[in-house]
Structure formats: C-alpha cells, structure tokens
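Keep in mind the model is a prediction, meaning the values are calculated, not measured. Heads up: numbering here begins at 1 and tracks the sequence. The analysis underlying the following values was restricted to heavy atoms, covering all of them including side chains, and did not include hydrogens, waters or symmetry mates.
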Amino acid sequence: MSDWRERIVSDPDILRGKPVVRGTRLSVELILGWLAQGWTHEMLQESYPQLTREDILAALAYTTALLREESYLTIDQRAAA
C-alpha cells in the first residue's frame, strides 16, 4: 500500500475541504459510511467505478492516521442513553 497522502486530498473548493479521493468528489466520509453499512470493496467499486481498491485502503489508512493523532474525551455511555 502506498502512502495515503498520494490518494487522499483536501481542497476548500471541493466538498468544503472534506478529505476526498484525488481527482474525485468521493469523500473519505462517504467511503467509511458505506463500509460501516456492510458494503464490500467490490460493492463500492461497482457503484463508483472510478474508485480503486488502493483508494479504499488509502481512506482507511488516512482515518487510522487521524485517529492516532487525536485526543479523546471519555463519554459516559449511561448518560448518552
């Protein structure tokens, strides 16, 4: 897998700066959302033919890198219910 920085970009003129796959308007958020709904890589690529397996992996790698650098607040699950 190549560096996610080669595939994931952010431009304030595209989707208000959300991270997207280079050369598309497909956001990392969209890709992760479909994966969270149970879509497979194959389903994503069938629905978005311009999306490659490497693009999907780059979106996951980008998110992993972002989460590594974040600080977190503990949420009391009882209070959230």
Side-chain angles (χ1 to χ4, degrees):
M1 167 69 207
S2 60
D3 186 357
W4 63 262
R5 290 171 189 86
E6 296 172 10
R7 294 181 178 273
I8 305 299
V9 296
S10 180
D11 179 335
D13 293 329
I14 300 173
L15 298 180
R16 295 183 171 192
K18 284 186 178 185
V20 299
V21 174
R22 183 182 302 280
T24 75
R25 297 178 67 81
L26 298 174
S27 69
V28 169
E29 176 186 8
L30 175 84
I31 294 166
L32 294 178
W34 284 126
L35 291 171
Q37 293 293 320
W39 282 37
T40 64
H41 289 208
E42 293 78 17
M43 291 166 73
L44 278 168
Q45 290 177 277
E46 185 176 310
S47 294
Y48 304 99
Q50 69 273 39
L51 195 62
T52 67
R53 179 179 184 278
E54 291 76 20
D55 294 333
I56 297 167
L57 293 176
L60 293 169
Y62 165 80
T63 305
T64 300
L66 185 67
L67 289 171
R68 254 188 218 122
E69 297 176 14
E70 292 292 316
S71 58
Y72 302 94
L73 296 175
T74 303
I75 298 173
D76 184 349
Q77 295 298 323
R78 294 168 291 173

For this session: Report the distance from atom CG of Leu51 to atom CG of Leu30, rounding to the nearest 0.5 Å.
Result: 8.5 Å
Problem set entry | Separation between CG of Leu60 and CH2 of Trp4, rounded to the nearest 0.5 Å | 13.0 Å
Exercise. Does the side chain of Lys18 reach to within under 4.5 Å of the side chain of Val28, using non-hydrogen atoms?
Worked result: no
For this session: Among Asp55, Ile8, Leu15, Asp11, find the one that has a side-chain contact (heavy atoms from CB on, under 4.5 Å) with Val20.
Result: Leu15
Can you give each donor-acceptor pair under 3.5 Å made by side-chain atoms of residues 32-41, sequence neighbours left out, with the distance rounded to 0.1 Å?
from, atom 1, to, atom 2, distance (Å)
Trp34, NE1, Tyr48, OH, 3.3
Thr40, OG1, Glu42, N, 3.4
Thr40, OG1, Glu42, OE1, 3.4
Thr40, OG1, Met43, N, 3.0

For this session: Group every Ile, Leu, Val, Met, Phe, Trp and Tyr by side-chain heavy-atom contacts under 4.5 Å, then state whether Leu66 and Val21 land in the same group.
Result: yes
Seminar exercise, completed: Arg22 and Glu6 have their tightest heavy-atom pair at NE-O, 3.0 Å
Problem set entry | Partners passing side chain to side chain donor-acceptor pair (under 3.5 Å) against Gln45 (at least two apart in sequence or in another chain) | none
Exercise. Is Glu46 atom CD crowded by more than 12 heavy atoms from other residues, nucleotides or ligands, each under 6.0 Å away?
Worked result: no
